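Working notes for the structure below.
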Amino acid sequence: MICRKSEDIFKRQIKAHIERPDASDVLSQVQIPTLVMDGAFDSWATPAQHQEIANLIPAKPEEAVIGPSGHMMMEEPQLVAHHFNQWLA
């Protein structure tokens, strides 16, 4: 049962990712400090895609690529925390 539930969640996540509406208009209005962080080995949303997102934000966001990590960046929790703390300082 747990396996089936996980499979259903995964399928819904994939569907949401594929069908996500374009947020370019919203991103182009962001005027607050922003941090764009991604995993170097993220195959869902690559660093290049995150760079495109950052380029749309006029507030000139700080960017951090966490490596070696994937989409959730949980492989490097200390590095993620470091970048958050540095950005918040």
Side-chain angles (χ1 to χ4, degrees):
M1 185 65 172
I2 292 174
C3 183
R4 178 70 182 153
K5 183 176 180 182
S6 296
E7 181 182 333
D8 290 341
I9 291 169
F10 186 63
K11 285 179 181 178
R12 287 194 309 269
Q13 289 171 336
I14 291 171
K15 185 178 187 307
H17 183 72
I18 291 170
E19 296 177 358
R20 181 182 350 205
D22 185 335
S24 298
D25 290 341
V26 174
L27 292 170
S28 69
Q29 297 176 38
V30 175
Q31 298 292 332
I32 59 173
T34 306
L35 172 64
V36 176
M37 190 179 327
D38 60 274
F41 301 120
D42 185 347
S43 59
W44 279 91
T46 66
Q49 289 171 308
H50 282 87
Q51 181 63 54
E52 290 176 23
I53 289 168
N55 290 344
L56 292 170
I57 300 172
K60 303 293 182 212
E62 289 189 41
E63 300 171 54
V65 178
I66 307 300
S69 64
H71 186 68
M72 298 300 289
M73 299 176 285
M74 297 311 295
E75 299 89 343
E76 298 290 337
Q78 290 86 6
L79 194 51
V80 170
H82 167 77
H83 282 285
F84 271 127
N85 287 331
Q86 190 174 35
W87 181 70
L88 291 170

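Bear in mind that the values here come from a model prediction, so they are computed numbers and not experimental data. What you see below is based on every heavy atom in this structure, not just the backbone, and it leaves out hydrogens, waters and symmetry mates.
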Please tell me whether Ile66 and Phe84 are part of a single hydrophobic cluster in this structure, the criterion being side-chain heavy atoms less than 4.5 Å apart.
yes

Are Gln49 and Ile53 packed together at the side-chain level, in the sense that at least one heavy-atom pair is separated by less than 4.5 angstrom?
no

How long is the straight-line distance from OG of Ser28 back to CG of Leu56, given to the nearest 0.5 Å?
7.0 Å

Under a 4.5 Å side-chain heavy-atom rule over Ile, Leu, Val, Met, Phe, Trp and Tyr, are Val65 and Leu79 clustered together?
no

Mind checking the OG-CD spacing from Ser6 to Gln13? Nearest 0.5 Å is all I need.
9.5 Å

As an exercise, state the distance from CD of Gln86 to CG of Leu35, rounded to the nearest 0.5 Å.
9.5 Å

Cut-off 3.5 Å, side chains only: do Asn55 and Gln51 have a donor facing an acceptor?
yes

Would you check, one step at a time, whether the test side-chain contact (heavy atoms from CB on, under 4.5 Å) holds for Glu63 with His50?
CA-CA 9 Å; Glu63 300 171 54; His50 282 87; over 6 Å; no

First locate atom CD of Gln29, then atom CD1 of Ile57, and finally report the distance between them rounded to the nearest 0.5 Å.
12.0 Å

Checking Gln31 side chain against Ala59 main chain: does a donor-acceptor pair fall under 3.5 Å?
no

Side-chain heavy atoms nearer than 4.5 Å, only ILVMFWY residues, links allowed to pass through others: does that put Phe10 and Ile18 together?
yes

Least distance between heavy atoms, Gly67 atom then Ala40 atom
CA-CB, 3.8 Å

Donor-acceptor pair, distance only, cut-off 3.5 Å: does the side chain of Thr46 make one with the backbone of Ser43?
no

Angle between ring planes, Trp44 versus His71, binned at 30° and 60°: parallel, tilted or perpendicular?
tilted

Trp87 reachable from Val80 in the ILVMFWY side-chain graph, under 4.5 Å edges:
yes

Separation of His83 NE2 from Leu88 CG (nearest 0.5 Å):
13.0 Å

Begin with the C-alpha distance, continue with both residues' side-chain angles, and end with the deciding distance and a verdict on side-chain contact (heavy atoms from CB on, under 4.5 Å) for Thr34 and Lys60.
CA-CA 8 Å; Thr34 306; Lys60 303 293 182 212; over 6 Å; no

Euclidean distance, Arg12 CZ relative to Ile9 CD1, rounded to 0.5 Å
5.5 Å

Mind checking whether Glu76 and Pro68 have side chains closer than 4.5 Å, heavy atoms only?
yes

Any donor-acceptor pair under 3.5 Å linking the side chain of Asp42 with the backbone of Asp38?
no

